[in-house]
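Working notes, structure below.
Note that the structure is predicted; figures quoted are calculated from it, not measured.
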2 protein chains.
Amino acid sequence: MGRWEPDARGRMLDAALELFAEQGYDNTTAGDIAARAGVTERTFFRHFADKREVLFVGPVSLDEVATSAIAALGDDVPPLSAALAAVRAVAAELGAARTREQAATRASIVAATPALRERELLKMASMTEAITRALVGRGAPQTVAGLAAHNAGGVFAAAFARWVSEDGEPDFARCIDDATEVLRQLG
Amino acid sequence: MGRWEPDARGRMLDAALELFAEQGYDNTTAGDIAARAGVTERTFFRHFADKREVLFVGPVSLDEVATSAIAALGDDVPPLSAALAAVRAVAAELGAARTREQAATRASIVAATPALRERELLKMASMTEAITRALVGRGAPQTVAGLAAHNAGGVFAAAFARWVSEDGEPDFARCIDDATEVLRQLG
DNA sequence: GTCTATAGGGCGATAGAC
DNA sequence: GTCTATCGCCCTATAGAC
């Protein structure tokens with residue numbers, strides 16, 4: 001047995017989610033989270049660049065999931081279809097990593113806090129850019145790639161909203177397919 | 001002549017843009033900006049909710065510009081076309097309020113600073129939501145409205161990037177039209 | 001305007017793992 | 001010995017309270 005209890009990071013992640021749900025993000029200090037996890041405030045900031053980041057770390061990078069999904073496709077798949085395949089892969093990842101209830105709890109905390117919404121939007125933009133880069137790498141013009149990635153991002157957002165909604169479809173992948181169908185009918 | 005120099009807010013806006021460009025956002029404190037503008041730090045925070053906000057205030061609300069543009073359309077205009085009309089109106093507003101060079105300077109500062117990118121994304125998301133609400137108000141289903149707004153947001157982003165790029169088209173409205181054409185060809 | 005709590009960075013010390 | 005995680009203390013800037 002080491003000098004410290006193991007899995008300090010895991011304890012901080014759990015403590016943060018609990019405290020944010022109990023008393024709100026703004027009323028919870030980094031020190032509160034550290035205390036409940038049995039570490040010092042300074043240790044918290046060594047693991048997470050800032051207080052918000054504790055809600056946005058995961059075992060895998062969604063950017064990489066999206067990029068890999070596109071790399072696995074044949075060269076003849078058109079840009080929009082490739083972008084949609086990428087968000088479908090990301091949805092599958094998230095759907096496997098969390099239950100619908102966990103995702104809904106986290107989403108309600110994020111939705112209630114502007115600072116957290118900002119961070120969520122940055123992560124989403126990062127995914128959109130990863131998809132854009134992957135499409136450009138396959139030969140798509142910049143504007144085409146950017147628009148395809150943006151459209152796919154819209155599908156992801158719509159599907160996620162439906163998935164975590166009160167009377168939502170319990171299968172994230174199916175939500176993606178439904179939103180894709182609506183997109184195809186749009187224009 | 002009053003007790004204070006007039007237009008404190010305008011001086012703070014100018015000072016912030018200068019200092020951010022000269023020494024970077026992170027190396028510039030709110031006190032630095034206030035000092036150059038000839039006011040106290042406290043005055044700075046009375047005008048702007050936080051340090052980032054000084055780069056995101058404007059004479060008009062872009063949400064309202066988008067909403068009004070949609071309200072001016074006939075009921076028979078389909079959702080995607082209405083959303084595109086909204087971002088075209090926003091682009092016209094921005095194109096009139098700033099020169100291409102001013103917009104490019106500001107964009108390069110924002111792009112270089114994650115904290116500012118987050119705020120920019122929040123403003124963009126706010127516009128997207130305003131468009132979504134306006135479309136739902138016209139009878140569009142939630143998913144259709146959200147996807148149309150997202151697609152239009154992608155067009156706006158692509159057009160803006162082109163407008164402020166080194167060898168960009170000097171007319172923002174034309175950039176919007178070009179990106180719209182690419183979107184129509186996408187699916 | 002002043003006062004204060006919180007966010008978040010810097011750095012050396014410490015104790016184990018290897 | 002080196003490497004890594006943690007502590008503990010000091011610091012400044014942000015931003016809200018009074």
Side-chain angles (χ1 to χ4, degrees), chain A residues 1-59 109-110 112-123, chain B residues 2-6 8-9 11-13 15-57 109-110 112-123:
Chain A
M1 172 175 151
R3 184 147 72 119
W4 302 284
E5 293 300 313
D7 194 26
R9 161 176 284 243
R11 292 201 314 278
M12 286 189 280
L13 288 168
D14 292 342
L17 203 60
E18 288 168 20
L19 286 166
F20 291 162
E22 285 171 20
Q23 49 185 345
Y25 173 84
D26 290 327
N27 296 323
T28 304
T29 71
D32 292 342
I33 300 167
R36 182 171 293 199
V39 297
T40 65
E41 179 183 298
R42 206 66 201 81
T43 296
F44 178 87
F45 284 112
R46 229 169 266 108
H47 280 264
F48 308 105
D50 60 57
K51 191 178 133 187
R52 287 171 287 168
E53 197 63 16
V54 71
L55 272 185
F56 293 91
V57 293
I109 297 172
V110 172
T113 314
L116 294 174
R117 281 211 62 205
E118 287 193 358
R119 180 55 53 88
E120 180 121 296
L121 292 165
L122 188 69
K123 299 285 177 180
Chain B
R3 187 138 65 115
W4 301 283
E5 293 299 314
R9 161 176 284 242
R11 291 203 313 280
M12 286 190 279
L13 289 168
L17 203 60
E18 288 168 21
L19 286 166
F20 291 162
E22 284 170 21
Q23 49 186 5
Y25 174 83
D26 290 328
N27 297 322
T28 304
T29 71
D32 292 343
I33 300 167
R36 182 171 291 199
V39 298
T40 66
E41 182 183 294
R42 193 68 193 75
T43 298
F44 178 87
F45 283 110
R46 250 193 293 275
H47 280 265
F48 309 105
D50 59 59
K51 191 178 133 187
R52 286 173 288 169
E53 197 63 16
V54 69
L55 273 184
F56 293 91
V57 293
I109 297 172
V110 172
T113 313
L116 294 174
R117 283 211 61 206
E118 289 193 354
R119 179 56 55 87
E120 180 119 298
L121 291 165
L122 189 69
K123 298 282 179 180

Report summary line: Separation of C:dG8 atom C1' from A:Arg119 atom CZ, nearest Å, is 13 Å
Query - For atom OH of B:Tyr25 and atom P of D:dA13, their distance in whole Å - result: 14 Å
Requested in this report: Take atom NZ of B:Lys51 and atom P of C:dA7, then tell me their distance rounded to the nearest Å.
Outcome: 17 Å
Query raised in the report: Counting only N and O atoms by type, is there a donor-acceptor contact under 3.5 Å from the side chain of B:Arg9 to the main-chain atoms of B:His47?
Result: yes
Report task. Output the single nucleotide from D:dT14, C:dG8, D:dC7 whose closest atom is nearest the side chain of A:Trp4. Result -> D:dC7
Query raised in the report: Just how far, in rounded Å, is P of D:dT14 from CD of B:Glu41?
Result: 6 Å
**Report entry** salt_bridge(B:Arg11, B:Glu5) N-O dist < 4.0 Å
**Finding:** no
**Report entry** C:dT14 base / A:Arg3 side chain donor-acceptor hit below 3.5 Å
**Finding:** yes
**Report entry** Between C1' of D:dT14 and CZ of B:Phe48, the distance in whole Å
**Finding:** 16 Å
Requested in this report: Using only heavy-atom distances, decide whether a donor-acceptor pair under 3.5 angstrom links the side-chain of A:Arg42 to the base of C:dG8.
Outcome: no
Query - Nucleotide nearest B:Thr29 when distance is taken to its side chain, options D:dA13, C:dG1, C:dA7 - result: D:dA13
Query raised in the report: Between A:Arg52 and B:Thr43, which has a closest nucleotide on DNA chain C that is more 5'?
Result: B:Thr43
Query raised in the report: 5'-most contact on DNA chain C: A:Gly31 or B:Thr40, nearest heavy atom basis?
Result: B:Thr40
Query raised in the report: Are B:Lys123 and B:Glu53 ion-paired here, with the side-chain N under 4.0 Å from a carboxylate O?
Result: yes
Query - Distance, rounded to the nearest Å, where A:Asn27 contributes CG and C:dA5 contributes C1' - result: 13 Å
Query raised in the report: Does A:His47 place a side-chain N or O at less than 4.0 Å from the phosphate oxygens OP1/OP2 of D:dT6?
Result: yes
**Report entry** Separation of D:dC7 P from A:Phe44 CZ (nearest whole Å)
**Finding:** 14 Å
Report task. Verify, without hydrogens or angle tests, whether A:Asn27 (side chain) and A:Gln23 (backbone) share a donor-acceptor contact under 3.5 angstrom. Result -> yes
Report task. Taking all heavy atoms of B:Phe44 and all of B:Asp50, pick out the closest pair and write down the distance. Result -> CE2-O, 4.4 Å
Query - Whole angstrom value for the distance that separates P of C:dG8 from CZ of A:Phe45 - result: 5 Å
